[in-house]
Every structure is written in C-alpha cells, then in structure tokens.
Chemist: 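Could you have a look at this structure, given as structure tokens, before my questions?
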Amino acid sequence: MSDTQVSSTFGSIRRRVDLDGFAVYETAHAPLQSIPRHVHDYAAWVFLLRGSFEENVERRRLRCLPGHILLRPPGEPHVNLYGRSGARCLIVALAHGRFRRLQELSSMFEHTVSLDQGNLSALARRIYGEFEIGDLSSALAMEGLLLEFFGEAARQFSREPGAQMPPGWLKVLKEKLHADFRGKLSVAALAEDVDMHPVHVARVFRRHHGCSLGEYVRRLRIEAACRDLTDADTPLAQIALQAGFSAQSHFCAAFKRVVGITPTEYRDALRTRSRQ
C-alpha cells in the first residue's frame, strides 16, 4: 500500500502484508517500553494480542488488555506506555482513500477510542488467524474480513439520523458478562439483573453488538482461551474448562468457528513466532 508508510521506530515489525487499501502488520514491544508524544499520518486500528499498554491522548488514558481494539485517527498526538510483559499487537493501517470513505459513513475515527466488543474482537481474531496462515488465499480472506470489520464498526458509529446510543443498563449487563462469562448464564437471569424483559434485552443487545448474548459470551471465552494458549504446557482440556467450555471437543469446534484455525494451530503459530 504505497500511500501508507508504517514506521518501525516505535516497535519491532515482525511481518507485514499489504492489501488493497490496507497494510496489516504485527508489532512486538519490549517490557515497560515508553514511546514519547508522537503522531501518525494514517488512521489505524490496533488489536492487542498479548500483554498490555496505555495510550494517553490529550487528558484521556486508554487502557488496553488482550482482545481490546484501539481505533486511532490520523494526526492525533499520543503517548504509549507498555506493561511489564511488553505487548504484541496486530495493526491495520488505512490508505487515505479508505479512511475518507469511512469518514463519510461514520464517526469511528473522530477521536481515539478503545473497544472491547465481542463481535469486533472475534473478527479481529479471524483476521489474525488468516495473517498467521499466510497462504495464497489468506490475502483475499483478510481483505473480506477487514471490510466486514469496518462495516460493522461503521454501523456502530453511524452518522445516520436517529442512530441510537446504547442505554445505560446495557453497560451494566456487559460488565456482568465480562466478569462471569465462564459460568452458567441465562438471558432471563441477566434481564432480571438489569430489571428488563428478556426479549427486550436480547433485541437491544443484538442491535448494538451485532450478535446474540450467547455468541458474545462464546467470544469472551475464546479470547480467554487465546490468552491461556500462550502457555505451551497447559493441556487443551484444561484450557477448555478454564474458559467455561464443558468439553474439549466443544471448545475446539467453537474456537475454529471464531478464530478460523484450531487451538493447536493457533498455539503452533505462537510458538513459531516466539522463536523468530
């Protein structure tokens, strides 16, 4: 992608793939690395694979953990601080033409925002899976997934008149999902917690997140499993139980549907990257 030049001065670029209108690359950052105030001349989203970091923008401090997505507009000064275990990130830089088109459709790049929404994180995981596979079909698959990602994000940040902001109770419900996703949850119990009818809860949740409550919880479990898969010695059956799945077979099938590759393939890819 000729009109987006990605600097390597702020982290080690492990690999880069250029697509039509996008540059996709993986970066590694050292433990406790600090990057002083700087700007990028391109819009990007950052998907945190491992570790943690903070991005300080003006007077806002955005804390990013594995599975979080940072949407960053061009030209916004910021400072980055990385955690004690460093960080590994998947970054997608947008060509100026792509960025201008998205600006027309939505407000997602008006200022830097941090997201932890399950449907977008699941798409980012699938993009990373194709990035890791790297075969002849991966570029086409990645491009399609990226368009799906930005289409869903544009819908959530729509400029259309009448676009509804999420109700306050939805934030409370999401916090409960993130705290209790490993346990047994039901729509009825969740609706009772926020004093809403179950049908209304299910409908509003899908409208704002593009998936059902069950799909969202499944993706949270997959994200937890992805973090656990960084330990090469933990058996898959144990990882499945820790993430909230009742059986390894169920876990493996769900993992491949969400990420696009099996847990074993994902772990092997992580092992290969760590040796590079």
Chemist: So, using side-chain hydrogen bond (donor to acceptor under 3.5 Å, both in side chains) as the criterion, who are the partners of Arg219 when residues are at least two apart?
Modeler: none

Chemist: Excluding sequence neighbours, so at least two apart, what forms side-chain hydrogen bond (donor to acceptor under 3.5 Å, both in side chains) with Gln248?
Modeler: none

Chemist: Return the set of residues passing side-chain hydrogen bond (donor to acceptor under 3.5 Å, both in side chains) with Asp231 (not counting sequence neighbours), or none when no residue passes.
Modeler: Thr234

Chemist: Check side-chain hydrogen bond (donor to acceptor under 3.5 Å, both in side chains) between Thr262 and all other residues, then give those that pass, not counting sequence neighbours.
Modeler: Glu265

Chemist: Which pair of heavy atoms, one from Ser121 and one from Ile69, lies closest together, and at what distance?
Modeler: N-CD1, 3.8 Å

Chemist: For Thr27, give me all partners under side chain to side chain contact (heavy atoms under 4.5 Å, CB included), at least two apart in sequence or on another chain.
Modeler: Ile13, Tyr25, His29, Cys89, Ile91

Chemist: Give me each pair satisfying side-chain hydrogen bond (donor to acceptor under 3.5 Å, both in side chains) with a member in residues 180-189, each pair once, sequence neighbours excluded.
Modeler: Lys176-Asp180

Chemist: Which residues pass the salt bridge (Lys or Arg N to Asp or Glu O under 4.0 Å) test with Arg227, sequence neighbours left out?
Modeler: none

Chemist: What pairs of donor and acceptor atoms, side-chain ones from residues 133-151 against any protein atom, are under 3.5 angstrom apart with sequence neighbours left out?
Modeler:
residue	atom	partner	partner atom	Å
Asp135	OD1	Ser137	N	3.1
Asp135	OD1	Ser138	N	3.0
Asp135	OD1	Ser138	OG	2.9
Ser138	OG	Glu130	O	3.2
Ser138	OG	Glu130	OE1	3.4
Ser138	OG	Gly134	N	3.2
Ser138	OG	Asp135	N	3.0

Chemist: Give the ring-plane orientation class for Tyr42 versus His40, where under 30° counts as parallel, over 60° as perpendicular and anything between as tilted.
Modeler: tilted

Chemist: Any salt bridge (Lys or Arg N to Asp or Glu O under 4.0 Å) pairs touching residues 66-77, not counting sequence neighbours?
Modeler: Glu55-Arg72

Chemist: Name every donor-acceptor pair, under 3.5 Å, that has one atom in a side chain of residues 60-68 and the other anywhere in the protein, sequence neighbours excluded.
Modeler:
residue	atom	partner	partner atom	Å
Arg60	NH1	Thr112	O	2.8
Arg60	NH2	Thr112	O	3.2
Arg61	NE	Glu54	OE1	3.4
His68	ND1	Leu65	N	3.4

Chemist: Side chains of residues 250-259: which donor-acceptor pairs under 3.5 Å do they make with residues two or more places apart or in other chains?
Modeler:
none

Chemist: Could you pull out every donor-acceptor pair under 3.5 Å between side chains of residues 187-206 and any protein atom, sequence neighbours left out?
Modeler:
residue	atom	partner	partner atom	Å
His197	ND1	Val199	N	3.0

Chemist: Would you say the side-chain atoms of Arg98 pair up with the backbone N or O of Ala93, donor to acceptor, closer than 3.5 Å?
Modeler: no

Chemist: Inspect the contact between Glu104 and Arg101 and indicate whether a charged nitrogen and a carboxylate oxygen are less than 4.0 angstrom apart.
Modeler: yes

